[in-house]
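Throughout, protein chains are lettered first and strands after them, A, B, ... in sequence-line order, and every chain is numbered starting at 1.
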Amino acid sequence: MSDETKATETDTGRHFLKQWIAEDVAAGKTGGQVVTRFPPEPNGYIHIGHAKAICIDFGMAQAFGGQCNLRMDDTNPSKESDEYAESIKEDIRWLGFDWGDGFYSAADLFDRMYEIAENLIRSGHAYVCALTQEQWKEYRGVPTSPGKESPTRNRAPEENLALFRRMRDGEFADGTLCLRAKIDMASPNIHFRDPVIYRIMHVPHYHAGEKWCVYPMYDFAHPIEDAFEGVTHSMCTLEFEVHRPLYDWVIDRMDEMGLLVVRGGVKIRPQQREFARLNLSYTVMSKRKLLQLVQERRVEGWDDPRMPTVCGLRRRGYTPEAIRDFCERIGVSKYESETDVALLEYCLRDDLNRRALRRMAVLNPLKVVIDNYPEGQVEYAEVQNNPEDPSAGTRRVPFGREVWVERDDFMEVPEKKFFRLAPGQEVRLRGACLFTCTGVIKDAAGAVVELHGTYDPASKGGNAADGRKIKGTVHWVSAAHAVPVPVRLYDRLFTVPDPLGDDTRDFLSFLNPDSLKTVAAYGEPALAEARPGERFQFERLGYFCADARESKPGAPVFNRTVTLKDSWAKEVKK
RNA sequence: UGCCUCAUGGUGUAACGGUAGCACAGCAGACUCUGGAUCUGCUUGUUUAGGUUCAAAUCCUAAUGAGGCAACCA
């Protein structure tokens, strides 16, 4: 055993893909460079499940000093568009990954794929089949019993070739003929029962234009793409596991044709391995379901901040760092699991706690009048921008006789261990002074509309002159300087961990009716200058992000990204 | 009733024949000008049954459970 191998084996926490690649590197199978690829089909927006795959594909390449290509797996023009392709690029860049000059499109290989198909026909490995889809269904058989051969299975190669060329030349209508690989109609693996490798589709391609009316199928195209790119390690999700023998079959045929790339004197034979896709609690991940949410207007669009799409998370205020950290922490395995969204939220808070500037805002305002504070007087509280990061500096927050506080921070009859505002109870107004509530004003219906009280002039800045300890601290906003800001309070999209887990109920019935509440909040003046996309911690409340779409200069709209942990709320529940 | 794959605390993972560990969640406490953060401690686990071995989460067999495969989708 070489020292190199030894060293990697003492390295703990290596998941099976990393081990697999390490072994191949040690065995010299990569020709000096590990090459991976992320191969999305540009038929929709990518979500956090794709982010996991991206982190694996790019991450493995990085770990071995290799290259990860971005390849549009665009072999079905009826579903694909340039708009999707562009959004995918944008999202991957935002996540922090770089494919360098390794950008590819399957469509750029159509000529070569077509040639390979002709070669397959010549060597008797493929034939043109005229069975209708209904007929084929019957011929193919079911997993539990073998299929039977197509009547044209043993047609002469020259005839097949002529027919295939006529298919290419547009002489036949969609679905009338197709090209099948000739493998094994009795195989227990359905994908070996003479799979279709080319179909007729009179549809222009967003990237290849009008050139083709026959397009290759995934199982044929994917290994070819990998092989031509010199991909050494092709990682995908579990549902492709049963396709692997077919992947290898195509690679074998390419090998026979002498088409495998040689790098560093080594013939590169791409290999596929599979890992479990990400499932996240309280959301859905299927493209179809997400599309349904969009089309039925259950959400406002693909980038609705409640969506698990990368653009949705971005708009919600998630950071790429938090998402990458999350993908690192969930690990990689072949076990189909469901990850608790609490872990994602932890990663976000962990990141934002270190970086987000603190601001004060009151979401549900209650007026407080400080009776012994001079009318018209304004002082400034010097407050840290981020206690976790002194280099973020301080700011001056105006303070006056009337301030807004959070309605939830007051109880006329305080529960045990409620350390906030209550008659006769002294609290700290964050960064300003100590204050004691002495009076409560109510409306005719008995609802509290205003608090009165007095402050301790010897507590400017927030500390008592005599050193007495004050347990409760509340945030506030000066009424005279408050900036009105719309704030959108987002919560989980679904009310149950697995909305798809109940066969008797439609997942839509689990939609959380309270997943969005909009409130008119008051913010401290500095908030007016928030730039679109800028993230803050609103002290004692949570992390918020100026909406990149609806914020205007001087008039930000905030999205709640995630709340702060709230141990008082837990206390109340008991 | 075919083939493929998987199974470790509540959740996600590590341990690669030799002391079952980490993280999230939960609970308790300390500290705190955010009931945040931080720090300390705690609870909880190898699906089952056989076999191989001095020794099994790990290897073998079977059972059970879960997922995938029967688009001219990817």
Side-chain angles (χ1 to χ4, degrees), chain A residues 9 12-16 19 39-41 43 73-76 78-80 129 131-133 136-137 140-147 174-180 187-193 195-201 214-215 217-219 221-222 236-245 274 276 281 287 329-347 349-350 353-354 358 360 383-384 387-388 417-420 427-432 434 461-463 469-475 497 537-542 563-571:
Chain A
E9 279 183 3
T12 57
R14 293 159 76 239
H15 54 70
F16 73 104
Q19 292 184 35
E41 185 187 16
N43 69 344
D73 206 3
D74 45 11
T75 56
N76 183 358
S78 67
K79 296 173 155 187
E80 298 152 3
C129 178
L131 252 24
T132 64
Q133 286 184 56
W136 177 252
K137 206 172 168 181
R140 183 191 47 221
V142 290
T144 51
S145 64
D174 290 6
T176 52
L177 294 177
C178 67
L179 186 70
R180 318 198 92 99
S187 173
N189 184 341
I190 292 279
H191 300 282
F192 255 30
R193 321 244 267 225
V196 174
I197 58 175
Y198 256 95
R199 80 285 218 185
I200 300 173
M201 254 184 149
V214 291
Y215 293 96
M217 300 288 292
Y218 167 87
D219 283 316
H222 205 86
C236 59
T237 44
L238 248 27
E239 70 269 27
F240 292 102
E241 205 156 26
V242 283
H243 294 244
R244 192 156 95 204
E274 312 80 14
S281 62
K287 263 187 193 176
R329 285 169 185 266
I330 57 177
V332 182
S333 76
K334 304 191 69 157
Y335 180 68
E336 195 128 348
S337 57
E338 180 179 88
T339 299
D340 192 341
V341 71
L343 181 61
L344 213 210
E345 293 174 345
Y346 166 82
C347 294
R349 290 190 186 106
D350 189 46
N353 176 50
R354 281 190 292 259
R358 270 80 250 238
M360 288 196 284
V383 186
Q384 283 192 98
E388 299 290 320
K417 294 204 242 176
F418 182 82
F419 307 126
R420 289 120 86 150
V427 300
R428 176 164 32 238
L429 296 177
R430 174 80 158 146
L434 299 178
N463 282 316
K469 295 286 181 204
I470 300 302
K471 185 108 177 149
T473 299
V474 301
H475 60 280
Q537 183 196 99
F538 288 180
E539 291 217 34
R540 303 209 307 133
L541 296 174
T563 61
L564 247 31
K565 273 172 66 175
D566 187 351
S567 51
W568 170 245
K570 278 180 198 163
E571 192 68 34

Colleague: Using atom CD of A/E274 as one end and atom P of B/G67 as the other, report the distance to the nearest whole Å.
Modeller: 19 Å

Colleague: In whole angstrom, give the distance that lies between atom CE of A/M201 and atom P of B/C72.
Modeller: 12 Å

Colleague: Taking only N and O in the side chain of A/S145, is any of them less than 4.0 Å away from OP1 or OP2 of B/G2?
Modeller: no

Colleague: Taking the six-membered ring for Trp and the full ring for Phe, Tyr or His, determine whether the centres of A/F419 and A/W568 are under 6.0 Å apart.
Modeller: no

Colleague: Could you tell me how far B/A62 sits from B/C6 if I compare only their P atoms? Round to whole Å.
Modeller: 15 Å

Colleague: Using atom P in both nucleotides, what's the gap between B/A57 and B/G21 to the nearest angstrom?
Modeller: 13 Å

Colleague: Quick one: stems involving RNA chain B, counted as three or more successive Watson-Crick or G-U pairs, both distances short of 3.5 Å.
Modeller: B:2-7 with B:64-69, B:10-13 with B:21-24, B:26-30 with B:38-42, B:47-51 with B:59-63

Colleague: Can you tell me how far P in B/G18 sits from the matching atom in B/C60, rounded to whole Å?
Modeller: 15 Å

Colleague: What does nucleotides 39-44 of chain B look like as a protein-contact string, B for base, S for sugar-phosphate only, - for none, at under 4.0 angstrom between heavy atoms?
Modeller: ------

Colleague: So for A/E388 and B/G36, does any side-chain atom that can act as donor or acceptor lie under 3.5 Å from a complementary atom in the base?
Modeller: yes

Colleague: For the residue pair A/Y218 and A/H243, does the interplanar ring angle fall in the parallel (under 30°), tilted (30 to 60°) or perpendicular (over 60°) class?
Modeller: perpendicular

Colleague: Under 4.0 Å, heavy atoms only, any strand: does A/F538 hit a base, just the sugar-phosphate, or nothing?
Modeller: nothing

Colleague: Tell me: CD1 of A/I190 to P of B/C69, nearest whole Å?
Modeller: 12 Å

Colleague: Among the candidates B/C69, B/G36, B/U13, find the nucleotide nearest to the side-chain atoms of A/N353.
Modeller: B/G36

Colleague: Can you figure out which of B/C6, B/U34, B/C72 approaches the side chain of A/K334 most closely?
Modeller: B/C6

Colleague: In whole Å, what separates the P atom of B/U1 from that of B/G65?
Modeller: 14 Å

Colleague: So do the side chains of A/N76 and A/E41 get within less than 4.5 Å of each other, counting heavy atoms only?
Modeller: yes

Colleague: Is the base of B/G36 touched by the side chain of A/R349 through a donor-acceptor pair closer than 3.5 angstrom?
Modeller: no

Colleague: Checking all strands, does A/K417 fall into the base, sugar-phosphate, or nothing category for heavy-atom contacts under 4.0 angstrom?
Modeller: base

Colleague: What nucleotide among B/A70, B/U38, B/C72 has an atom nearest to a side-chain atom of A/P143?
Modeller: B/A70

Colleague: Tell me what A/R329 touches on the nucleic acid: a base, only sugar-phosphate, or nothing, going by heavy atoms under 4.0 Å.
Modeller: sugar-phosphate

Colleague: When you compare the side chain of A/C178 with that of A/Y198, does any pair of heavy atoms fall below 4.5 Å?
Modeller: no

Colleague: Determine: side-chain N/O of A/S337 to OP1/OP2 of B/U13, distance under 4.0 Å, yes or no.
Modeller: yes

Colleague: Tell me, with the steps shown, if A/N189 and A/S187 meet side chain to side chain donor-acceptor pair (under 3.5 Å).
Modeller: CA-CA 5 Å; A/N189 184 341; A/S187 173; 5.5 Å; no

Colleague: Please state whether the phosphate of B/A74, meaning OP1 or OP2, lies under 4.0 angstrom from any side-chain nitrogen or oxygen of A/K287.
Modeller: no

Colleague: Under 4.0 Å, heavy atoms only, any strand: does A/Y215 hit a base, just the sugar-phosphate, or nothing?
Modeller: nothing

Colleague: Say we look at B/U38 and B/A25: how far apart would their P atoms be, to the nearest angstrom?
Modeller: 10 Å

Colleague: Among B/A23, B/U34, B/A74, which nucleotide has an atom closest to any side-chain atom of A/M217?
Modeller: B/A74

Colleague: Choose from B/U38, B/A25, B/A14 the nucleotide whose nearest atom is closest to any side-chain atom of A/D350.
Modeller: B/U38

Colleague: Nearest of B/G12, B/G36, B/C24 to any side-chain atom of A/I330?
Modeller: B/G12

Colleague: So what does A/H475 hit on the nucleic acid, given a heavy-atom distance under 4.0 Å: a base, only sugar-phosphate, or nothing?
Modeller: nothing

Colleague: In whole Å, measure the gap between the P atoms of B/A71 and B/G12 for me.
Modeller: 31 Å

Colleague: Closest to the A/K471 side chain: B/U32, B/G67, B/C73?
Modeller: B/U32

Colleague: Taking the minimum atom-to-atom distance to the side chain of A/L564, which one of B/G35, B/U8, B/G36 wins?
Modeller: B/G36

Colleague: Please state how far atom CG in A/N43 lies from atom P in B/A71, giving the value in whole angstrom units.
Modeller: 19 Å

Colleague: Mind checking if A/E539 touches a base, just sugar-phosphate, or nothing, with heavy atoms under 4.0 Å?
Modeller: base

Colleague: Is A/R199 close enough to B/A74 that one of its side-chain N or O atoms is under 4.0 Å from OP1 or OP2 there?
Modeller: yes

Colleague: OP1 or OP2 of B/G35 sitting under 4.0 Å from any side-chain N/O of A/R540?
Modeller: yes

Colleague: Quantified in whole Å, what is the C1' atom distance between nucleotide B/U58 and nucleotide B/C3?
Modeller: 26 Å

Colleague: For B/A74 and A/T75 - does any side-chain N or O of the residue sit under 4.0 Å from the phosphate oxygens OP1/OP2?
Modeller: yes

Colleague: Between A/E336 (CD) and B/A66 (C1'), how many Å, whole number?
Modeller: 9 Å

Colleague: Is the shortest side-chain heavy-atom distance between A/I200 and A/L177 below 4.5 Å?
Modeller: yes

Colleague: Should B/A23 be called syn or anti, with syn set as within 90° of 0?
Modeller: anti

Colleague: Do A/M201 and A/S78 come within less than 4.5 Å of each other through their side chains, counting heavy atoms only?
Modeller: yes

Colleague: In this structure, how many angstroms lie between the P atom of B/G2 and the CZ atom of A/R140, rounded?
Modeller: 19 Å

Colleague: Give A/V474 one of three labels, base, sugar-phosphate or nothing, depending on what nucleic acid heavy atoms sit under 4.0 Å from its own.
Modeller: nothing

Colleague: Under 4.0 Å between a side-chain N or O of A/S281 and OP1 or OP2 of B/U11?
Modeller: no

Colleague: Just call it for A/Y198: base, sugar-phosphate, or nothing, with non-hydrogen atoms closer than 4.0 Å on any strand.
Modeller: nothing

Colleague: Report which part of the nucleic acid A/L434 touches: base, sugar-phosphate, or nothing (heavy-atom distance under 4.0 Å, all strands).
Modeller: nothing

Colleague: Any carboxylate oxygen within less than 4.0 angstrom of a Lys/Arg side-chain nitrogen, looking at A/R354 and A/D350?
Modeller: yes

Colleague: Looking only at side-chain atoms of A/E241, point me to the closest of B/U5, B/G26, B/U34.
Modeller: B/U5

Colleague: Establish, yes or no, whether the cationic atom of A/R180 lies under 6.0 Å from the six-membered ring centre of A/W136 and within 45° of the ring axis.
Modeller: yes

Colleague: Can you tell me if the side-chain N/O atoms of A/Y218 get under 4.0 Å from OP1 or OP2 in B/C73?
Modeller: no

Colleague: Look at all strands and tell whether A/D219 reaches a base, only sugar-phosphate, or nothing, counting heavy atoms closer than 4.0 Å.
Modeller: nothing

Colleague: Which part of the nucleic acid, if any, lies within reach of A/E338 when heavy atoms closer than 4.0 Å are counted: base, sugar-phosphate only, or nothing?
Modeller: sugar-phosphate

Colleague: Looking only at atom P, what distance separates B/C39 and B/A74, rounded to whole Å?
Modeller: 50 Å

Colleague: Report the nucleotide, chosen from B/U11, B/C4, B/G2, that has the shortest atom-to-atom distance to any side-chain atom of A/D340.
Modeller: B/U11

Colleague: What's the NE2-C1' distance between A/H191 and B/C73, to the nearest Å?
Modeller: 12 Å

Colleague: Take atom CZ of A/R193 and atom P of B/C69, then tell me their distance rounded to the nearest Å.
Modeller: 15 Å

Colleague: Assess the side chains of A/R430 and A/H475: does a donor N or O sit below 3.5 Å from an acceptor N or O?
Modeller: no

Colleague: Using a heavy-atom cut-off of under 4.0 Å over every strand shown, decide if A/P387 touches base, sugar-phosphate, or nothing.
Modeller: base

Colleague: Do any side-chain nitrogens or oxygens of A/K565 fall under 4.0 Å of OP1 or OP2 in B/A37?
Modeller: yes

Colleague: Counting any heavy atom closer than 4.0 Å, what does A/R420 reach on the DNA or RNA strands: base, sugar-phosphate only, or nothing?
Modeller: base

